[in-house]
Amino acid sequence: MAKGPSKVIKIRGVIIPTAWDDQGNVTRIAISSHDENDYQVDHKGKGPELLLHIRREVEATGVVREEEGKKIVRIRKYTVKERIEPADRYPG
């Protein structure tokens, strides 16, 4: 198992599901970032809290390491961005 050095970065992107259990519940998530990278979210740190925000945009700070060619982030802090409703949902 090849491990690279860890570093603290800020990531902005959308939380996406990456694995499910037999009942269809999401068990793993990643942040699909604006720089076109996917960061697997570590189960340690604040990562489990992000399961409540799937398909939402977040800005997160955490420690990133690389294992077997995948970027894995242990979330230290995050902010969920406000949703912007499409204009056609507002009465006109």
Side-chain angles (χ1 to χ4, degrees):
M1 187 179 281
K3 283 189 174 185
S6 298
K7 62 181 179 176
V8 176
I9 67 167
K10 185 180 282 189
I11 304 167
R12 185 173 169 204
V14 176
I15 300 170
I16 58 171
T18 59
W20 297 261
D21 65 14
D22 292 337
Q23 289 78 39
N25 300 308
V26 176
T27 58
R28 291 206 60 89
I29 56 174
I31 298 174
S32 182
S33 71
H34 294 281
D35 64 2
E36 298 185 6
N37 285 308
D38 285 345
Y39 296 86
Q40 296 294 317
V41 175
D42 195 328
H43 287 294
K44 296 179 181 171
K46 294 190 176 274
E49 295 175 22
L50 293 179
L51 282 167
L52 302 172
H53 303 290
I54 292 174
R55 293 184 205 85
R56 299 283 304 271
E57 185 175 1
V58 295
E59 188 170 279
T61 302
V63 177
V64 174
R65 68 185 188 279
E66 199 161 318
E67 288 184 17
E68 299 177 1
K70 293 182 181 179
K71 291 178 173 69
I72 302 169
V73 61
R74 181 176 295 177
I75 305 295
R76 288 186 174 173
K77 63 181 181 176
Y78 67 91
T79 304
V80 178
K81 299 296 180 182
E82 292 296 317
R83 289 185 191 210
I84 299 174
E85 297 295 327
D88 61 354
R89 291 200 178 174
Y90 295 109

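The salt bridge (charged side-chain N to carboxylate O under 4.0 Å, His left out) search around Arg12 returns Glu57, not counting sequence neighbours. Not counting sequence neighbours, Lys70 has no partner by the side chain to side chain contact (heavy atoms under 4.5 Å, CB included) test. With sequence neighbours left out, the side chain to side chain donor-acceptor pair (under 3.5 Å) criterion links Glu49 to Tyr78. Residues that satisfy the side chain to side chain contact (heavy atoms under 4.5 Å, CB included) test with Thr27, not counting sequence neighbours, are Ala19, Asp21. The side chain to side chain contact (heavy atoms under 4.5 Å, CB included) test applied to Pro17 returns Trp20, Val26, Ile54, not counting sequence neighbours. Remark: Asp38 engages Ile16, Ser32 in a side chain to side chain contact (heavy atoms under 4.5 Å, CB included) (not counting sequence neighbours). The side chain to side chain donor-acceptor pair (under 3.5 Å) test applied to His53 returns no partner, not counting sequence neighbours. In this structure Lys77 satisfies the salt bridge (charged side-chain N to carboxylate O under 4.0 Å, His left out) test with no other residue, sequence neighbours excluded.
With hydrogens and angles left out, the side-chain atoms of His43 and Arg74 include no donor and acceptor closer than 3.5 Å.
Across Ile29 and Gly47, no two heavy atoms sit closer than the pair CD1-O, 4.1 Å. Between Ile75 and Ala60, the shortest heavy-atom contact is CD1-CB, 3.8 Å. Residues Val41 and Ala30 come closest through the heavy atom pair CG2-CA, 4.0 Å.
Contact of the Ile11 side chain with the Val73 side chain is registered, since non-hydrogen atoms from C-beta on lie closer than 4.5 Å. Looking at heavy atoms from C-beta onward, Lys81 lies out of side-chain contact with Arg56 at the 4.5 angstrom threshold.
Among Glu67, Arg28, Lys71, the one residue that satisfies the side chain to side chain contact (heavy atoms under 4.5 Å, CB included) test with Gln40 is Arg28.
Rounding to the nearest 0.5 Å places CZ of Arg65 at 4.5 Å from CD1 of Ile72. Summarising the geometry, atom CG belonging to Asp42 is positioned 11.5 Å from atom CG belonging to Leu50; distances are rounded to the nearest 0.5 Å.
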Apply side-chain contact (heavy atoms from CB on, under 4.5 Å) to Ile31 and Val58, showing your working.
CA-CA 8 Å; Ile31 298 174; Val58 295; 4.1 Å; yes
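Apart from Val63 itself, the hydrophobic cluster it occupies contains Val8, where clustering links Ile, Leu, Val, Met, Phe, Trp and Tyr at side-chain heavy-atom distances under 4.5 Å.
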